[in-house]
Amino acid sequence: MSGRYSRRGFVAAFAAVGAVALAACGSAPPTAKQGGGGGNGGSDAASGFAKYANMSADERQKALVADAKKEGQVVVYTSNTDIDALAKAFEAKYPGVDVKPYRADSETLIQRLSQESSAGKIANDALETDNFEMIALDKNGDLAKFDSPVLSDLPDSANHGGWVTSRLNTFFVAWNTKLVQKGGQPKSFLDLADPKWKGKIGMEEGDFPLYAGLTLYLENQKGMSKSDVRAYWRKVAANAKVVSGHTVLEQLLDSGEFSVAMGLDKHFVEQSKEAGAPVAWTPYVEPVIAVPSGLGVMKKAPHPAAGILFTEWLLARQGGQEIYAQKFRVPIAKNVPGEKDVLPSSVEVVEPPDSVFTTDVEKWRTDYQKLLQGSAKVEGDDG
Amino acid sequence: MTTVDRSATAAAPAPRPWRARVRSLVTVRTLVLGVACVVVAYLAIVPVYYLLWGTFFDASGLTFSGFTRGFTGLLDAKAMVRNSIEFAVGSAALSLVIGTALAYVQVRTDAPFKGLFFAASLVPIILPGILYTVAWIFLASPKIGVLNDLIITPVLGHPLNIYSIPGMIWVQGLHLSPIAFLLMASALRNMDPSLEEAAMVCGASRRQLFRRVTMPLLRPALVAAVLLVFLQSLESFEVPALLGLQSRIYVFTSQIYHILGYYPIDYGAAGALATTLLAIACCTVLLSGWLSRNARNFQTISGKGFRPRPLALGRARPWVGAGLTLYFLVTVIVPVLVLLYASLLKFYRAPTLEVLESMSFANYMTAWSSPIAVRALRNSLLIGVSSATVVAALTATVGWIIVRTRVPGRRALDVLATLPLVIPGLVLGLALSFVYLRSSLPIYGTLWILLISYSTRYLPYGMRYSVSAIGQVSTELEECASVFGASWWQSFRRVLLPLASSGVVAGWIYVLVVSFRELSSTILLYSPGKEVLSVLLWEQFNDGKFEVLAAVGVSMVAMLLVLVTIAYSIGARFGAANDYT
C-alpha cells in the first residue's frame, strides 16, 4: 500500500520544513544571560518629563491632562492586583484616558519587558512592580528619570532616579488565634527558634528579602555573631514547613495547618481578618521587614503624557495612595486618608539595603534555598 | 517456430517530461500532507530550538556548563531524579488502571448512569491543578484534613499524610486519569468484539479473555496513555509544589521553575534540566512506537461490520453501580464539594451551623463582576475551540502519515510533535515572544499568538489520540475506497476520519478542556484586552482570595461539563460511536 504513494512529495515537504524553520529562527539567538538593550538615543528619554519641566504647577497639570486625553490611553504593566480599583478611580478623575493593564507576577513582567526591549518594541507606558525588577530595568536604561514635582511630598528615600517607591510590602509574623493562646504568641523573631514551634511555622520559599533583612539586622543592629545567626536560622528552618505562594501560606494559616506564618504582607492578613479568619499579628514582632514596590515611566513610552499623569496620580495622597490604603497596602505617602492600622512610629521598620537585590542577590537567594532544603551548611559556615 | 524478438518491443519507457513530474507532485494529497507536516514541524521546532540554543550556547560559544549548574544547584540531584521518576511512574500506573477500568465499564458493560459517569470521569481534568490539589489538602492533610478527622483516623488510628510521594501520586494520578479514560474509551469503542466472541467460543474464561485478547489489542492505546501521563507528570508543577515542598520532596520541575523565576534567567541551567526531560521524552516516544509495531495486529475496525454487545453484568450490575458511585464520590464529588463549600464562604473553616448560615454567593459575584471576566470567558472559548480544531486537523493528517506510510523521517516527526509536552510553559512563551516580536506579521499582542501557543502546547496530546485511533482502522477500508475510484482526499475524509473520529473527538475535547486553564505561557503572551480565563484565575490566586478562586473553579466545571456534553454528542453523530453507548 505504501509503495503507491509518492515519496517525492514528502521529501519536498520535509525540505520545506527545514527552510521555514531556518527562516523563522534566523534572528540572533538568545544569550545565556538576558540583558535588554533599552534606551538607545534617548529620544523620548527626557522629553517625557522635560516637556513639562519649566511650567508652573497649574499650567503643568493642564498641559499634562490635555496631552493625555489626546493620547487617549495608558498601557500599564503591573504586578499589583488592585489595578482594577486603581484604574476605575483614575478613569473617573480623568475621563478620556483609558487604563489598559497587563497583569502578571513580577518575574514574568520583567521577562516580557526584556523581550520587548531587546526587540525594540516597547508596548507599555507605565510600570508598577517590586523593587528587584525596577532596579534591574533601571540598570538596563529602560526607565525615564522620574523628574516630577510630586516627589517633594514623599520621603527622600522614595526617589530612586528612574523609579519611585509607591508602597511598601511589610513582612509580618502572623499567628492563628485558635491555636496560639493570648500571651503565647511569638514576642520576637528569636522566639521562633524555640522547639515548641516544631512543625508549626510556615515559611514561603521565595522570601529571601525577609531572610536577608533579618540576618543583617541581627548581625549589625543586635551585634550577634555570624555563627549565632546561622544557628538561629537553622533552628527556625527545623521548625518550619515551606510553601510556595503567599496565598497558600495565608490559606493554611487560617485553616490551622500552621500556627505561625513568617512573612505575610499586610493586605493578606487584613483581608483574612476582615473576612473573619482567626488571624492576628499585633503586638508586632519587630523588626518589621519592609520591601518597596515602585513605579516608573518607560523611556520609549508610546503614550508618555498619559504615563506621567497616571504615575503621578498613583503617588498622590488623594489619588492612588488612598486606593492603596483602602486595599490594605502600606502607601509611601504619609497621612493618607482612610488608612487602617497604620504602623505605629514606635515599631521598628527595616528595609534591606539595595545590595541585597543587586550585587549580593545570588548569595542571599542561594543561602536561603540551602537553609530551606535542610542543609546544615550555609556558605562560609565553619561549624 | 519463430521466437519473438522481445528486445525491439520491450523498449525502455520514455523519461517523463519534467512538467508531468511536477504535476504528479502537486496533488491534493501532497499539498495537504505537506502543509500539515510543515506546520507541525514548525510549531514544534521553534520552542525546541530556542531551548537547545539557550542550553548549549552562551556568549562564549558551545558549552555544557549549564548541566553543572543545573544539577549541582541542588543538595541532592540523585534524590531529585529518583523522586521525579517515582512520581511519574506511580501516577502513570494509577491513571492507567483507573482510566482503563472506568473506560471498560463505561463502554463495554451495561452499567447504570453512564452519562453521569462519563461527565464525572472528566471533572478532575477540568479543575485547575491548584484547586484540585488544595481540595485534597483540605481532605487528607494530617492536621486539618476533613477525611482524616471524620473517617481515617477513627478507623486506622492514624491520619493519611497527603504530603508524601504516595500522596502526590494519588492526587496526580486522579487528576490525569481522564487522559487515560478518554484514550481507552475511544479504543474500546472501536474494538471488534468478534475476536473476543471467538475466544469465548473457544472456552476462554473472562479473565483469560481480558488478559490475552482485550488488553493486547489495546496495546497502542495503553502505550499512548502511559506516555502522556508519564511525561505530563514529569512536567507537572502544582502537585510537587503544593504537596512535595513541605516534606522537602523535590522534582525536576521544582528546580526548573525555581531557576526560571529569577532574573536574569540562567537559561543554561534551566535548559539543562529541561533538555534532560526532552531526552526522556524522546526515548519514551521511540519506545512507544516500538511497542506499537506490527500495526496490522491492532487494526480492529475492518471491512467486516460489527456491533459490539455490551457485557451484561447481570447480578453484578447494582454492585458495579455502587462501586462506581463510591469511587466518584471519593475522587470527584467530595473534592468538588469541598471547593463549592469554600466558594460559598468568606474564609475556609470547618462546617458548623453558624458557618452554614453565613454562606452566600458573594464570591461568585466578585469573580464575575471583574472588568475582564466576560471578555476573558469569550476569549477562552474562542481560543479553546480554535486550538482544539487546529490540533485535531493537524494531528489527524500527520497521524495518517505516521501510521500508514513508510516515509523516512516519520518517527522523527512523531518525536518532534511530542516534545512540546515537556517544554516548560514559560520557555514556550519566551520562544514565541522572541520570534514574533521580530516578525512584521500582526501576531504579537493579539489572540493569534495565544492560538499558536496553545496549538504547540497541545500538539502532543492530539498526536497520541489521533495515532491511536487511526491505528485501529484497517487499511483494507481505504484500499477498498480507492479500488472504487476514490481519491486520497475522498477516502481520508469520508472513510478514515469518520471511523477514527471517536479518538480524534476525544482529543478535541481534551484540548478544549485543558486550554481553559493553561497559564504558564499565557501569562507572558496575553496583552491588555486579550485576557483569557486563566488570567482571571491567576489574578484571584495572586491576590489571596482563595475562596473567589474556588468560585471561578466551580463555575468552570459547570460550564465545561456542558460544553463537553455538547461536543461529545455532536462528535458521536459523525462517527461509528453512535451505534452504541
Side-chain angles (χ1 to χ4, degrees), chain A residues 1-2 5-10 12-14 16-17 20-21 24-25 27 29-35 75 81 84 100-105 107-108 110-112 115-116 119 121 123 133 136 205 241-244 246-248 250-251 254-257 268 271-272 275-277 365 373-375, chain B residues 24-25 29-30 33-34 37-38 41-42 45-46 49-50 53-54 57-59 75 134 138 141 143-144 241-242 245-246 248 261-268 346-349 370-371 404-407 409 430 433-435 437-438 445 475 479 523-524 527-529 535 539 541-544 546:
Chain A
M1 168 105 157
S2 55
Y5 294 92
S6 155
R7 290 190 176 193
R8 286 169 291 175
F10 294 112
F14 284 126
V17 164
V20 172
C25 307
S27 5
T31 49
K33 299 264 175 180
Q34 273 248 329
V75 178
T81 48
D84 288 328
K100 299 226 181 303
Y102 163 79
R103 327 131 217 267
D105 51 291
E107 295 89 10
T108 309
I110 195 167
Q111 286 304 322
R112 186 173 170 114
Q115 289 278 343
E116 290 178 351
K121 292 194 179 155
E133 283 77 20
E205 71 157 346
K241 300 211 173 228
V242 181
V243 277
S244 178
H246 291 100
T247 302
V248 178
E250 177 70 60
Q251 240 344 276
D254 291 352
S255 53
E257 180 80 40
F268 279 114
Q271 241 167 231
S272 271
R365 273 181 190 158
Q373 287 176 7
S375 162
Chain B
S24 80
L25 218 64
R29 173 172 49 92
T30 321
L33 294 175
C37 282
V38 167
Y42 170 70
I45 282 181
V46 168
Y49 179 82
Y50 189 87
W53 187 277
F57 289 87
D58 67 8
L75 285 183
V134 175
F138 287 152
S141 147
K143 277 201 201 129
I144 58 172
L242 286 166
L245 213 56
Q246 282 197 36
R248 300 199 162 98
Y262 291 145
Y263 177 84
I265 288 186
D266 185 355
Y267 283 106
K346 286 181 93 181
F347 80 95
Y348 183 83
R349 56 214 183 280
S370 156
R404 287 282 185 260
T405 69
R406 294 213 187 289
V407 171
L430 287 171
S433 54
F434 184 85
V435 169
L437 268 172
R438 289 159 177 76
T475 49
E479 286 170 348
I523 192 85
L524 184 69
S527 293
V535 175
E539 206 185 12
F541 176 68
N542 231 44
D543 203 17
F546 181 79

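Note that the NZ atom of Lys121(A) and the OG atom of Ser433(B) stand 11.5 Å from one another [nearest 0.5 Å]. Taking CD1 from Ile144(B) and OG from Ser255(A), the interatomic distance works out to 3.5 Å, rounded to the nearest 0.5 Å. How far NZ of Lys241(A) is from CG of Leu245(B): 11.5 Å, rounded to the nearest 0.5 Å.
Taking Glu133(A) as the reference, nothing meets the side-chain hydrogen bond (donor to acceptor under 3.5 Å, both in side chains) condition, with sequence neighbours excluded.
The contact between Tyr102(A) and chain B is made by backbone and side chain atoms together, counting heavy-atom distances below 4.5 Å. Contacts of Glu257(A) with chain B are made by both backbone and side-chain atoms, with heavy-atom separations under 4.5 Å. Proximity to chain A is limited to the side chain of Leu242(B), based on heavy atoms less than 4.5 angstrom apart.
Closest heavy-atom contact between Gly256(A) and Lys143(B): O-CD, 4.3 Å. The minimum heavy-atom distance linking Ile523(B) with Arg103(A) is given by the pair CD1-O, 3.8 Å. Of all non-hydrogen atoms in Pro101(A) and Pro528(B), the two that sit nearest each other are O-CB, 3.4 Å. Across all non-hydrogen atoms, the minimal contact from Gln251(A) to Phe138(B) is OE1-CZ, 3.5 Å. The two residues Tyr267(B) and Gln111(A) make their nearest non-hydrogen contact at OH-OE1, 3.9 Å.
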Give the intermediate values and the outcome of side chain to side chain contact (heavy atoms under 4.5 Å, CB included) for residues Asp84(A) and Glu539(B). CA-CA 11 Å; Asp84(A) 288 328; Glu539(B) 206 185 12; 3.5 Å; yes
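Lys100(A) contributes no side-chain N or O that, together with a main-chain N or O of Gly529(B), makes up a donor-acceptor pair within less than 3.5 Å.
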